[in-house]
Number of protein chains: 2
Amino acid sequence: MKHRSAPKSVTLRDIAAALGISRTTVSNAFNRPDQLSPELRDRVMAMAKAMNYPGPNPMGRMLRTGETGTIGLVFSESLSYAFSDPVAIAFLQGVASVCERAQASLLIVPTFMPGVVQASVGEAAQATIRQAAVDGFILYSQPFNNESIDQVMERKLPIVAVDCPYLKGVSSVKIDDRQAAYEAAAHLIRFQHQYIAILCTELGTDQYEGPVDRQRMEQADYANALERLRGYHDALQEAGFDLNQIPIEERLNREDHGFLATLHLLQQHPRPTGILAMTDRLAVGAIRAAETLGLHVPSDVSIVGFDDIPLASQVNPRLTTIRQPAVEKGRLAAELLLHYTGKTICHVLPTELVVRESTGPAPIINSETE
Amino acid sequence: MKHRSAPKSVTLRDIAAALGISRTTVSNAFNRPDQLSPELRDRVMAMAKAMNYPGPNPMGRMLRTGETGTIGLVFSESLSYAFSDPVAIAFLQGVASVCERAQASLLIVPTFMPGVVQASVGEAAQATIRQAAVDGFILYSQPFNNESIDQVMERKLPIVAVDCPYLKGVSSVKIDDRQAAYEAAAHLIRFQHQYIAILCTELGTDQYEGPVDRQRMEQADYANALERLRGYHDALQEAGFDLNQIPIEERLNREDHGFLATLHLLQQHPRPTGILAMTDRLAVGAIRAAETLGLHVPSDVSIVGFDDIPLASQVNPRLTTIRQPAVEKGRLAAELLLHYTGKTICHVLPTELVVRESTGPAPIINSETE
DNA sequence: TTGAAAGCGCTAACAA
DNA sequence: TTGTTAGCGCTTTCAA
């Protein structure tokens, strides 16, 4: 893309000169048609076309006005992942719909360098964030202590943080993950499930997959995941469960990973009769795993998801889950940024337990001794 | 977003002055750390931090260098729709993955003004496209003769067109929609279906929904849809069908619209035993409609989709469809733009008929006379 | 290793 | 209605 369409591109000045008028007038012809006579405007536009003028250079304009008409969006993790995650996409849809109405462009800023050592990831993020020509940033689902956040903060532009750890003086949009997860767990508990397992999304940025212990929880990077885990624990503890007996499997948020993790969980003794999946994607994998083992959902295993993605109601059996307003999150974040006042505003959006067919009463277990 | 963090923001010059050094050196401290002594660099960075300097202003830099490090992406239609369309999302994922690797940002340029009269839509697109600070554009799935294309062409920047009508001198990525659709129809014909109906996506930009006749086809705005329709017709005609007897229903590309259209089609006489759906979303709706009418897929009705979106293989029965490489389209388009040479390159990517369980032999019809 | 000078292309006050 | 003036903040030769 080093290409340059002409050796020396034509500018406002050139067309002004060609017409023997001032640059202002040409500028006005493009930006304020009402500021000059229609005939003159027509002449200007005709000359522009004749000279192959590509219109006022946006960089010049931005530098001059100090505004870009653009919102920057920073995801954690890789964009390939973000654009395969139904929740992130719903969020994006919300952001985009507001941008569209406001005629604002949306700049997706990559901060993740695929196949690069951890150390230089920061450098990469630094460069793209520093060079983003935007009027403000939306930060989506960032882990604790990561360089993208710092980098964005340094830009001293308006910021709205979505599903992020608390940032001083930054407006935010989120849900109460802990409370929502509590509801999910309480739902299973109400059905008398005695053996409950947890399917957990990534807690750290280290690509670890496997069981989660106390220590791992304490070192968690992702506030969301941790909060959901805590919500599950709150409910379980309250109901008298021994938390040490509750298996937790941490996996990448993908159906196939949920599938494998559940295969593993369902072969434990005692076999869980209830599974708390931290996302619907994991839950969908879990349903498939149960099927694969010849277990019926919900009569052998109950599964409850989280998010209420479209797939949740298309799968069979349809998934009991926690609905969170992902599109609305995006809309609100964009609106907050577009109408930025400098005031720090925190929105906590409501969630809702949606009961469908993937959960039911615990089966009667034969040997209570096991 | 009129907010300005400081009355007068601090610039390179300020920090140079404070340190009694030149602007060049400060610039180098940020952009070419190797061009100055580490101690000086540290001093510069410390002062920058102390003075709350947000880093070199991207607009200044862009204006100076003439490069933005950004790719512009222009969808037709509304972004809300684009981000709910699995095919567009897959495409976006492909684009994003390449951008990420190349450390390029991705600017989503809205060209659609929701709730605005047709006339001024052009104006809206004009403004956002003209003001996009990008090094090149990807044009996605544009209808014929629309203003966005003209506007983008006027920018005289590198362009890659994806699923667009032919544009002189513009590189493109596409599939052979006509041939692919031909395969889909041929598949049903091989199964001896006598009564075939077509579920068609929007041909025009006028929000029309209903039957499609010759005239509507001739006035089509969307090349894709038209090509697929032609492909179906090619196969049907070749097999001796009377095209006038083949019902075509044009609908928005959404499951619920496919559902309603199919409800309608399946209540015709003679009832179609095969349905050619121009997208998987329509096809999924069609499956539901058949179910709703108590018809079995595929023994009563065969349904073949197009696209092979993820849902196609998750639905029951799994959908027979045409696979198209949507992610690959995005990757290729981004790569073509990033490595732009000025040469016009056209890629036609392969498609493939994927036979699953939604199609089968035509049922035996009782009355041949009907 | 550092600095001076020049200007990227534009728009907004203000003046005519 | 049109023009003059004055930078916006930066980077990049080139010279010291």
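Small disclaimer: the values here were computed from a predicted structure and weren't measured. A note on names: the letters A, B, ... follow the listed sequences, proteins ahead of strands, and every chain is numbered from 1.
Residue A:R61 places at least one side-chain N or O under 4.0 Å from the OP1 or OP2 atom of C:dT11. The side chain of B:T65 contributes no N or O atom lying less than 4.0 Å from OP1 or OP2 of D:dT12. Between A:S9 and C:dG9 there is a side-chain polar atom (N or O) within less than 4.0 angstrom of OP1 or OP2. Remark: A:Y53 is in phosphate contact with C:dC10, judged by side-chain N or O atoms under 4.0 Å from OP1 or OP2.
The separation between B:M59 atom CE and D:dT11 atom P is 13 Å, rounded to whole Å.
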Can you pull every protein N or O that's under 3.5 Å from an N or O on nucleotides 4-7 of chain D?
from  : atom 1 : to    : atom 2 : distance (Å)
D:dT4 : O4     : A:T24 : OG1    : 2.6
D:dG7 : N2     : A:R64 : NH1    : 3.3

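For the helix from C:dT1-D:dA16 to C:dA16-D:dT1, the axis fitted to the five pairs at one end and the axis fitted to the five pairs at the other end meet at an angle of 20° (nearest 10 degrees).
Considering only residues two or more places apart in sequence or on other chains, A:E154 meets the salt bridge (Lys or Arg N to Asp or Glu O under 4.0 Å) condition with B:K49.
Residues of residues 27-51 of chain A that place a heavy atom closer than 4.0 Å to DNA chain D, in numerical order, are A:Q35, A:L36, A:S37, A:L40.
Side chain of B:Q142 to backbone of B:V74: a donor-acceptor contact under 3.5 angstrom is found.
Sorted by first then second residue, the ring pair (Phe, Tyr, Trp, His ring centres under 6.0 Å) pairs that include residues 9-42 of chain B, not counting sequence neighbours, are B:F30-B:Y53. Sequence neighbours left out, not one pair with a member in residues 31-46 of chain B passes salt bridge (charged side-chain N to carboxylate O under 4.0 Å, His left out).
The shortest heavy-atom contact between A:L106 and A:L73 is CD1-CB, 4.2 Å.
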